[in-house]
Amino acid sequence: MVMNIILLGPPGAGKGTQSGLLVTGHGMRQLSTGDMLRAAVKAQTPVGLRAKAVMEAGELVSDEIVSDLIDAELAAMGAETGAIFDGYPRTQAQAVALDDILAKHGRQLDHVIELTVDEDALVERITGRFTCGTCGEGYHDRFKQPAVEGTCDKCGGHEFKRRADDNEETVRTRMAEYRAKTAPILPYYDERKLVSRVDGMADIALVTTAIEKVLRG
Ligand code: ADP
Ligand code: ADP
Ligand code: ZN
């Protein structure tokens, strides 16, 4: 069965980590607007040039830009591949746009999974976050070190990077944006009985188990 699911939660909740694990386990595709935007910034595309300063400030990029990115990705994807939306939608307007985009591509939303986490933990998660510069695998200074220091578990790469916006000040702005604009879209999905809440404070593997239970219905 082709599933389309949304992972919702504040910065550092574990959306990217869990998306990666689900992709491996279920043959789904991760659609991360954050990753798409960072790629656009790096490539200095028109979208990237518009998004750069907004992202550095921890504010939200325009609804139109991100919805167009998602639409284009789904258009390029085979109908047999499920989608995990990571970091999208983030506003009510994006939630409405996603419904139209899914309908256009003959898809429907199966689950919205909210990862619940306490805010104090988020700052520590974000400031300790780093990724493999080659394959993008996510790590953490305290919670998820590579098995062999300095070597990526997944691809053997030796270069790691940290995001420019993963500093305490920007994180506070991003959390405020989440509270003001993203959390309020939950009722939109609650009404349709699509939302499941998963404790994002548990160990990474336990969070995956809880999500898989939701997906099995
Ligand atoms: P995190 O998972 O840590 O919250 P993301 O990688 O999802 O961060 O997003 C990084 C930044 O990219 C956000 O702070 C925002 O500026 C921009 N961004 C990503 N997705 C969206 C979106 N759906 N709507 C608006 N801005 C977005
Ligand atoms: P998001 O995509 O929601 O912003 P990430 O998946 O990038 O969050 O996780 C943020 C950081 O916290 C990463 O460094 C990741 O390794 C770590 N992390 C993710 N899930 C957990 C967890 N359940 N317990 C401890 N650390 C975690
Ligand atoms: Zn790697």
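Throughout, numbering of the chain's residues begins at 1 and tracks the sequence. Since this is a predicted model, take the numbers as computed values, not measurements. All ligand and atom numbering here is 1-based and tracks the order in the structure.
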Task: Nitrogen or oxygen atoms of G138 and ligand 2 under 3.5 Å apart - done: no
Task: Heteroatom proximity flag, R163 to ligand 1, N/O under 3.5 Å - done: yes
TODO: Answer yes or no: does an N/O atom from Q94 fall short of 3.5 Å to an N/O atom of ligand 1?
DONE: yes
Task: From K52, R90, K181 - option closest to atom 7 (O) of ligand 1 by heavy atom - done: R90
- [ ] Could you list which atoms of ligand 1 come closer than 4.0 Å to a heavy atom of T33?
- [x] 19 (C), 20 (N), 21 (C), 22 (C), 23 (N)
Task: Any N/O pair R38/ligand 1 closer than 3.5 Å - done: yes
Open item on the list: Would A13 count as a contact residue for ligand 2, given that I'm defining contact as a non-hydrogen atom of the residue lying under 4.0 Å from a ligand atom?
Closed with: yes
Task: Min N/O separation G128 to ligand 2 under 3.5 Å - done: no
- [ ] Indicate yes or no: at least one non-hydrogen side-chain atom of M3 is less than 4.5 angstrom from one of R107.
- [x] no
Task: Whether F160 and Y139 hold their rings parallel, tilted or perpendicular, with breakpoints at 30° and 60° - done: perpendicular
Open item on the list: Quick check: D35 and ligand 1, any N/O pair under 3.5 Å apart?
Closed with: no
- [ ] May I ask you to check if ligand 2 and G14 share an N or O to N or O distance below 3.5 Å?
- [x] yes
Task: Atoms of ligand 1, numbered as shown, that sit under 4.0 Å from any heavy atom of G34 - done: 5 (P), 6 (O), 9 (O), 19 (C), 20 (N)
- [ ] Please identify which atoms of ligand 1 are closer than 4.0 Å to at least one heavy atom of L37.
- [x] 12 (O), 17 (C), 18 (N), 19 (C), 27 (C)
- [ ] Would you check the N or O atoms of Y139, main chain and side chain alike, for any that come under 3.5 Å of an N or O of ligand 2?
- [x] yes
TODO: Please confirm whether G200 comes under 4.0 Å of ligand 2, counting heavy atoms of the residue only.
DONE: yes
Task: Region of M55 engaging ligand 1 - heavy atom pairs below 4.0 Å - done: both
Task: Part of A202 within contact of ligand 2 (heavy atoms, under 4.0 Å) - done: backbone
Task: Contact check: S32 vs ligand 1, nitrogen or oxygen atoms, below 3.5 angstrom - done: no
TODO: Calculate, to the nearest 0.5 Å, the distance between atoms NE2 and CD1 belonging to H105 and I70 respectively.
DONE: 10.0 Å
TODO: Would you confirm whether Q145, through its side chain, and D141, through its main-chain N or O, come within 3.5 Å as a donor-acceptor pair?
DONE: yes
Open item on the list: Give the atom numbers and elements of ligand 1 that come within less than 4.0 Å of a heavy atom of E59.
Closed with: 15 (C), 16 (O)
Task: ligand 1 contacted by R129 (non-hydrogen, < 4.0 Å) - done: yes
- [ ] Could you tell me whether some N/O pair between I126 and ligand 1 is separated by less than 3.5 angstrom?
- [x] no
Task: D86, any N or O under 3.5 Å of ligand 2 N or O - done: no
TODO: Kindly say whether P10 contributes a backbone atom to a donor-acceptor pair with the side chain of K15 at under 3.5 angstrom?
DONE: yes
Task: Geometric N/O contact K15 with ligand 2, under 3.5 angstrom - done: yes
Open item on the list: Quick test of your reading of the model: are R216 and E212 salt-bridged, counting only N-O distances below 4.0 Å?
Closed with: no
Open item on the list: V61 versus ligand 1: do any nitrogen or oxygen atoms come within less than 3.5 Å of each other?
Closed with: yes
